[in-house]
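Shown next, in structure tokens, is the structure this report addresses.
Computed from a prediction, not measured in an experiment: that's the story for all the values here. Sequence lines set the chain letters: A, B, ... in the order given, protein chains first and strands last, and positions in each chain run from 1.
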Protein chains: 2
Amino acid sequence: MPANGRSRRITIDDVARSAGVSRQTVSRAVNDKPEIDPATRQRVLLVAQSMGYRPSRFARGMVGPGLTTLGLVIADVLNPFFPEVVSGVLAAADERGWQVAVYSTGSALERETAVAETVVNHVDACIAFLLDPGAIELIRRSGMPFVLLDNEHRPPAVSGGRIDFASGMRQVVGHLAERGHRRIAMLDDRGRPDAGDRGTRHSLFLGTAAELGLPADESWVFPAANSLDGGAAAMDDVLDTGFGATAVLAYNDLIAIGAMRRARDRGVRVPEDCAFVGCDGLTLSRLVDPPLTTLTVDKELLGRAAVRQVAAQMTGAGTGETVIEPRLVVRASS
Amino acid sequence: MPANGRSRRITIDDVARSAGVSRQTVSRAVNDKPEIDPATRQRVLLVAQSMGYRPSRFARGMVGPGLTTLGLVIADVLNPFFPEVVSGVLAAADERGWQVAVYSTGSALERETAVAETVVNHVDACIAFLLDPGAIELIRRSGMPFVLLDNEHRPPAVSGGRIDFASGMRQVVGHLAERGHRRIAMLDDRGRPDAGDRGTRHSLFLGTAAELGLPADESWVFPAANSLDGGAAAMDDVLDTGFGATAVLAYNDLIAIGAMRRARDRGVRVPEDCAFVGCDGLTLSRLVDPPLTTLTVDKELLGRAAVRQVAAQMTGAGTGETVIEPRLVVRASS
DNA sequence: CTGAAAGCGCTAACAA
DNA sequence: TTGTTAGCGCTTTCAG
């Protein structure tokens with residue numbers, strides 16, 4: 001019960017008794033039904049208000065169709081990638097009259113199972129950024145409509161949404177190669193357990209570099225925590241290993257910006273000494289100095305598309321996948 | 001019911017019948033109760049799964065204590081102010097085992113009533129950034145625990161959380177005055193209906209300026225849309241009116257950054273020709289060029305404090321107010 | 001270990 | 001216009 005904490009909940013019967021009417025009449029008054037004497041309504045409403053009566057969501061949901069609650073699991077609202085996705089999801093859910101419950105894993109893999117368990121019990125459908133196979137399986141098994149985003153290991157029975165980084169990496173590495181870069185370092189997100197797996201930015205980078213005849217291998221990839229500080233620390237590694245990179249490609253804009261700032265602080269000229277390229281196309285990337293070249297992704301669209309897929313599943317459609325095409329935006333950092 | 005769309009919902013009775021047991025046994029299996037034969041559990045679970053059975057949230061909430069859903073109404077997730085508040089709310093709500101449903105008004109005053117109506121019907125408590133008195137009254141009357149944030153016109157019966165901009169403006173204007181600035185323009189958020197009212201940044205700016213003997217009046221305040229572009233457009237106004245401002249104080253960092261960029265684009269040197277100061281202390285403000293001087297606010301704390309107040313109301317405590325103290329962070333823009 | 005009965009708070013359908 | 005009856009799907013007694 002909406003945590004009254006203290007005493008027993010006040011029910012429609014309490015109000016009915018206190019107002020000297022039947023509970024039906026109370027229901028009519030509260031729900032603004034036409035078939036009730038305005039005077040009665042007024043009186044009942046007053047009593048209800050004074051008693052602090054609030055209809056139970058649960059009892060109502062029990063009778064009527066109830067509200068659809070969509071669970072949205074993200075890693076961290078403070079990572080500027082997610083608010084844009086959230087925005088798309090909120091808008092699309094609102095159009096359908098759904099409520100959105102937001103859950104954050106705090107980018108902690110070990111918390112994913114707990115979040116998944118909560119989700120399974122408290123929402124009607126789920127859109128999630130999740131990496132732990134156990135957590136994913138938990139939600140899948142629940143049978144609720146489920147869309148998994150940004151995960152290359154999506155089980156076949158689960159719908160998904162992803163960004164076409166194969167195309168993206170071609171654009172990015174191609175751009176750097178055109179600019180004459182041969183020694184390109186990559187700053188990967190070390191928080192992801194799928195590092196290096198097929199389809200990840202990491203492996204696509206290596207593959208594309210090889211295709212273009214660039215000398216890149218695992219030693220060209222540096223793990224970074226997914227944050228500005230993480231990017232900065234990884235840039236220290238790049239610089240300190242005497243790697244001689246003339247360009248740095250980061251897993252995302254956050255890491256790229258952190259790295260770029262650290263490089264500048266250490267006397268590296270951008271882009272003359274070293275070029276920087278990010279992924280995601282955060283608003284932020286336009287505002288830093290120098291403005292960051294980035295692989296832009298329509299994150300709101302990703303959110304909207306996910307909601308559309310949830311809706312499709314509710315009408316019985318099968319598993320599907322949405323692929324978002326990224327677009328390289330060249331700015332002064334390269 | 002959780003929008004099955006197609007046919008009737010599958011109930012516990014359906015499963016019981018199909019598995020040849022009583023619904024009690026199904027309940028035991030599904031809820032992992034100890035008093036059931038492991039073999040039976042297994043069998044029942046299999047049947048349940050194969051039938052796509054999902055227990056009804058509503059029916060469960062009806063019986064047990066149910067989950068508390070906290071409604072969080074913000075203006076716009078894309079405004080980087082809000083994610084930080086959301087982060088604080090999510091964390092504090094999670095600690096209490098509550099679910100958070102996020103609603104966005106899209107910064108549109110005319111949508112507030114509709115959002116308030118939804119909130120009233122579908123959550124157990126509410127934390128909101130709301131400006132329309134009608135919407136606020138709607139939620140207040142519902143009797144649910146309610147905390148109104150960042151609103152100078154909070155009804156006495158409603159709990160609130162706000163930032164101490166009286167102190168803040170003293171810090172900001174004092175700082176600029178110390179630096180020798182006399183002609184200070186303010187870029188106000190034109191979307192707020194309370195512009196100029198007592199307690200707003202607008203009026204506190206004018207009051208503080210007067211106290212310090214600076215020549216500021218209404219004509220020194222320029223309305224700006226709450227966005228980067230809004231700040232840019234307002235800066236055009238400042239520049240074009242030949243106002244001769246040597247410093248610009250903005251309603252928030254978003255507006256300040258937009259204005260600062262526009263100024264630079266038009267050949268104004270920052271801070272030599274014109275200094276810029278924002279409010280809020282967005283992460284963003286540290287990253288732009290030049291880094292922005294800003295009145296930093298602990299936005300996560302604001303969110304956490306709001307949750308704490310909701311919790312207090314649930315245990316029967318009365319109306320309260322949390323005041324967050326802002327802190328000036330001086331950077332290169334001034 | 002399993003089943004039968006009772007009731008959570010509400011609204012739709014019907015009766016008065 | 002108002003009241004009565006019947007459930008919604010589930011879990012918690014209490015019997016077996």
Between P of C:dC8 and CE of B:M62, the distance in whole Å: 8 Å
Any donor-acceptor N or O pair under 3.5 Å, side chains A:D132, A:T113: yes
Protein-nucleotide distance (A:N121, atom CG; D:dT11, atom P), rounded to Å: 10 Å
Atom pair distance, as rounded to whole Å: CD1 in B:I36 and P in D:dT11: 12 Å
D:dT11 OP1/OP2 closer than 4.0 Å to side-chain N/O of B:S27: yes
Per A:R9 side chain, nearest of listed nucleotides C:dG9, D:dT4, C:dT11: C:dG9
Any B:R60 side-chain nitrogen or oxygen under 4.0 Å from OP1 or OP2 of D:dT11: yes
Separation of atom CZ in A:F58 from atom C1' in C:dG7, rounded to whole Å: 17 Å
From D:dT13, D:dT2, C:dC1, nucleotide with atom closest to B:P38 side chain: C:dC1
D:dT12 base / B:Q24 side chain donor-acceptor hit below 3.5 Å: yes
Distance-only donor-acceptor test (3.5 Å): side chain B:R28, base C:dG3: yes
A:T25 vs D:dG3: side-chain N/O to OP1/OP2 distance below 4.0 Å: yes
Integer-rounded Å distance: D:dT11 C1' and B:R57 CZ: 18 Å
Distance, rounded to the nearest Å, where A:E35 contributes CD and C:dA16 contributes P: 18 Å
Spacing between A:Q42 atom CD and D:dT1 atom C1', to the nearest angstrom: 17 Å
N/O (side chain, A:T40) to phosphate O (OP1/OP2, D:dT2) under 4.0 Å: yes
Electrostatic pair A:R28:A:D37 at N-O distance under 4.0 angstrom: no
Flag for A:T69-A:Q99: side-chain donor and acceptor within less than 3.5 Å: yes
B:S22 side chain near C:dG3 phosphate (N/O to OP1/OP2, under 4.0 Å): yes
For atom NZ of A:K33 and atom C1' of C:dA13, their distance in whole Å: 12 Å
CE on A:M144 to CD1 on A:I139, rounded to 0.5 Å: 6.5 Å
Nearest-nucleotide pick for B:V21, side chain only, options being C:dT11, C:dG3, D:dT1: C:dG3
Test item: side-chain donor near acceptor, A:Q309 and A:T322, under 3.5 Å: yes
